[in-house]
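I have placed the structure first, in the form of structure tokens, so that the comments after it can refer back to it.
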Amino acid sequence: MSARQSAAAAGGEPASAATPGRAPVRPHRRAPRRWTGAGLVQAPGRLRSLVRRSEGGLVALATLVGCVAGVAVSAMTWITQTLRELLYNLPAGTRLSAADAVTPTLLLVGPCLGGALLGLVIFAATYLRGPRRRPAIDPIEANALHGGRMSLRDSVYLALQNVISNGCGASVGLEAGYTQIASGLASRLGIAFEVRRSDLRTLVGCGAAGAIAAGFGAPLAGAFYAFELIIGTYSIATLTPVVVAALCGNLVSRSLIETHPLVELGDMQAVTTSHVTSMEILPSLALGLFCAALGILIMRGVTLVERLVQASGLPRAAAPAFGGLCVGALALLATPQVLSGGHGALHMHFAAEGQGHGIAALAGLFAAKAVASAISIGSGFRGGLFFASLFLGAIAGKLFAALAPVLVPPLADFGLTPLAYAVIGMSALAVAIIGGPLTMTFLALEVTGSLPITGLVLAAVIASSLTVRKTFGYSFATWRFHLRGESIRSPHDVGWIRSLTVGRLMRRDPGTVAAETPLPTFLRAHPLGSPSRVIAVDGRGRYAGIVNVPEAHAAARDAAADAQPVLADLLLHTGDFLTPSMNAKDAAAAFDRTESEALAVVDGPETRRVLGLLTESHTLKRYSDELDRQRRAMAGESD
């Protein structure tokens, strides 16, 4: 007789038998995790263990992320180019911003039609999903606050909006959609493998690195984009996966679609008239400062347009159509170069036929493109300013080359041509708006292949970055976080600080005493050696202060027999307290400000109902432990 039969004969039940009124007993299974309400298919256990245990497993996952990013970028590029060709009746492969034979009617109404389509998508999404409480989480916010967790559904939705916006000719780039969809896929993949928080942040950076490398054909720029703008730091632990993802993204994109270099200079001798010396740093620094001022104006301009659109009362779904009509009017009145990201227009300005523009023409083109970008983003089109800032920077560099010798004649003696200034300005203005000094420096190196020019670019981007950081304080992405009320200045992981709240750290339900209690009664109930701090409450149960037990005994002992103090006279920190939502950093600042070793925790400044007590020593210990854990994770040290 088998063991199962023996158990049944002894009055037990087979494991598979169903008992009336009771569900059959099944082996315990861990429920799959859920994120944003959607079920998640998890990787097999052995693969999860391999990725968590081995650095090689993480690199293999980063390789997959880079390949997926290359496919996503190629698909978005092909779809948007197809949309532009169909909407504007362009020959195959022709860039919209470089087209010179587009029907004027199409120039005017093309962005408007795209805005109307985008409005329908927004309306449908609002109807199906309800009004959104907060914008989609982008890679910077995900790594700063959420440990790399992103919603794939939101990422796909944002990428779709970006494709429509760029495909209809709105003056936005595809880079925001590239990084959003690639990082969203990387985040979902990391969650499926249940990687650690630090590894998930790295994978989000790998997605962005692969996307930028694929979009610009620049692996170094893609890798440092991830280090500076998505992960927030460079470390040995992140070097291999990020670089591998950037290389894979670039290779996959090149194999799927025909790619062109960012700019084609042909012969580098065309950018200089003499040997580049250290003296050329002077005009490069001046150009960096010039681009910093222009970058701040552009970011302020986008905010101004957004506020005007909000003040106009236009429905959110109708604003893109109106903005598209304005952008189409600019393209009709000025030039089609203001449309879309500006890839074709940038190639034109680095080609031989794009030289010789006067100061007025360059200034007018810069103003028209900047206004078109501000209107596009401010009216609700989705996209980024990465490529637009590169194009605007190239125009600013050529404008500087034409204007500077007129204002400062000695600048004419330097050996740089307008093309060289265009390369330097392209990087300097992009740094002012996007950030990432090394990202833009390596982008210039991969574009030109010239170390002397790259050295001048580095000087310009440092001047631009430092000026913007000291005078404005934000890049375009972090400026928009600031407008939403977020305090994010970089992608450094600060989410753990927000989760380390006073509500988690405090000692709950501490003993309280009524403030009207006679002092002798209090002293009998709290002799020396008992807890040294007691929270006092008033007649309505609200926080009134903290009583230091040793000080109360000392005050009673030292007082004269006929002048015994009352408990209310011994209360400390009557107006100082913490709330559960404060984080450890805020609590530490409160301890410093009040010069107290412990503070009461109340539910709010109005009701002041006592919830707990928190000491400074415990707060600093937990905060220090978390900092050390973050340091080890950043350095790649295992726990």
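- Put simply, the side chain of Glu141 reaches to within 4.5 Å of the side chain of His146, judged on heavy atoms.
- Contact check for Leu256 versus Val252: side-chain heavy atoms found under the 4.5 Å cut-off.
- No side-chain N or O of Gln310 forms a donor-acceptor pair with one of Glu306 less than 3.5 Å apart.
- For the residue pair Ser376/Ser171, the side-chain donor-acceptor check at 3.5 Å is not satisfied.
- Taking every heavy atom of both residues into account, Ala331 and Leu107 meet most closely at O-CD1, 4.3 Å.
- Pro111 approaches Leu339 most closely through the heavy-atom pair CG-CD2, 4.1 Å.
- Here the side chain of Ser155 pairs no donor or acceptor atom with the backbone of Ile181 at under 3.5 angstrom.
- Put simply, CG on Leu308 and CG on Leu314 are 11.0 Å apart, with the number rounded to the nearest 0.5 Å.
- Note that the CD atom of Gln180 and the OG atom of Ser187 stand 10.0 Å from one another [nearest 0.5 Å].
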**Prompt:** How far apart are the C-alpha atoms of Tyr234 and Val242, what are their side-chain angles, what is the distance that settles it, and do they pass the side-chain contact (heavy atoms from CB on, under 4.5 Å) test?
**Reply:** CA-CA 10 Å; Tyr234 164 85; Val242 169; over 6 Å; no
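- Using modelled atom types, one finds no donor on one side chain facing an acceptor on the other under 3.5 Å when comparing Ser97 with Gln337.
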**Asked** When you look at Thr233 and Ile231, which way does the side-chain contact (heavy atoms from CB on, under 4.5 Å) test go after all the steps?
**Response** CA-CA 6 Å; Thr233 186; Ile231 301 175; 4.3 Å; yes
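- The line from CG of Leu96 to CG of Leu83 is 11.5 Å long, rounded to the nearest 0.5 Å.
- Screening Ile212, Thr179, Leu174, Val172 for a side-chain contact (heavy atoms from CB on, under 4.5 Å) involving Phe386 leaves a single residue, Ile212.
- Screening Ile191, Asn143, Leu189 against Leu200 for a side-chain contact (heavy atoms from CB on, under 4.5 Å) leaves a single residue, Ile191.
- Using modelled atom types, no side-chain atom of Gln161 and backbone atom of Phe381 make a donor-acceptor pair closer than 3.5 Å.
- Residues Cys291 and Ser464 approach most closely at C-OG, 4.5 Å, considering heavy atoms.
- Across every non-hydrogen atom of Leu429 and Ser389, the tightest pair is CD2-O, 3.7 Å.
- In this structure, Phe322 places its CZ atom where only 12 or fewer heavy-atom neighbours from other residues, nucleotides or ligands lie under 6.0 Å away.
- If you check the side chains of Tyr178 and Thr77, you find a donor sitting under 3.5 Å from an acceptor.
- Taking the side chain as every heavy atom from C-beta outward, Arg316 and Ile122 approach each other to under 4.5 Å.
- Side-chain contact check for Arg95 versus Gln81: some heavy-atom pair is nearer than 4.5 Å.
- Checking side-chain atoms of Thr202 against main-chain N and O of Ser198 turns up a donor-acceptor pair under 3.5 Å.
- In this structure, the side chains of Tyr474 and Met299 stay at 4.5 Å or more apart for every pair of heavy atoms.
- Looking only at side-chain heavy atoms (C-beta outward), Cys67 and Val71 stay at 4.5 Å or farther from each other.
- Side-chain atoms of Ser253 never come within 3.5 Å of backbone atoms of Gly70 as a donor-acceptor pair (strictly under, hydrogens ignored).
- When side chains are defined from C-beta on, Leu500 does not count as touching Asn583, because their heavy atoms never get closer than 4.5 Å.
- Closest approach of Val468 and Ala292 over heavy atoms only: CG2-CB, 3.8 Å.
- The CD1 atom of Ile140 lies 6.0 Å from the CG atom of Leu229; values are rounded to the nearest 0.5 Å.
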**Asked** Can Leu87 and Cys168 be said to form a side-chain contact (heavy atoms from CB on, under 4.5 Å), step by step?
**Response** CA-CA 7 Å; Leu87 183 58; Cys168 74; 4.1 Å; yes
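- Contact record, Ala394 with Leu346: CB-CD1, 3.6 Å, taken as the closest heavy-atom pair.
- One distance of note links CD1 of Ile433 with OG of Ser475; it measures 10.5 Å at 0.5 Å rounding.
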**Val302/Phe476 under side-chain contact (heavy atoms from CB on, under 4.5 Å): CA gap, chis, key distance, verdict** = CA-CA 10 Å; Val302 172; Phe476 181 66; 4.0 Å; yes
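- Note that the OG atom of Ser151 and the CG atom of Leu158 stand 10.5 Å from one another [nearest 0.5 Å].
- In this structure, the side chains of Val204 and Met150 come closer than 4.5 Å at one or more pairs of heavy atoms.
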**Request:** Start with the C-alpha gap between Asn166 and Arg84, add the side-chain angles, then the distance that decides, and say whether side chain to side chain donor-acceptor pair (under 3.5 Å) holds.
**Result:** CA-CA 8 Å; Asn166 184 271; Arg84 290 191 293 266; 2.4 Å; yes
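- Taking the six-membered ring where the residue is Trp, Phe216 and Phe387 present parallel rings, their angle staying beneath 30° rather than reaching 60°.
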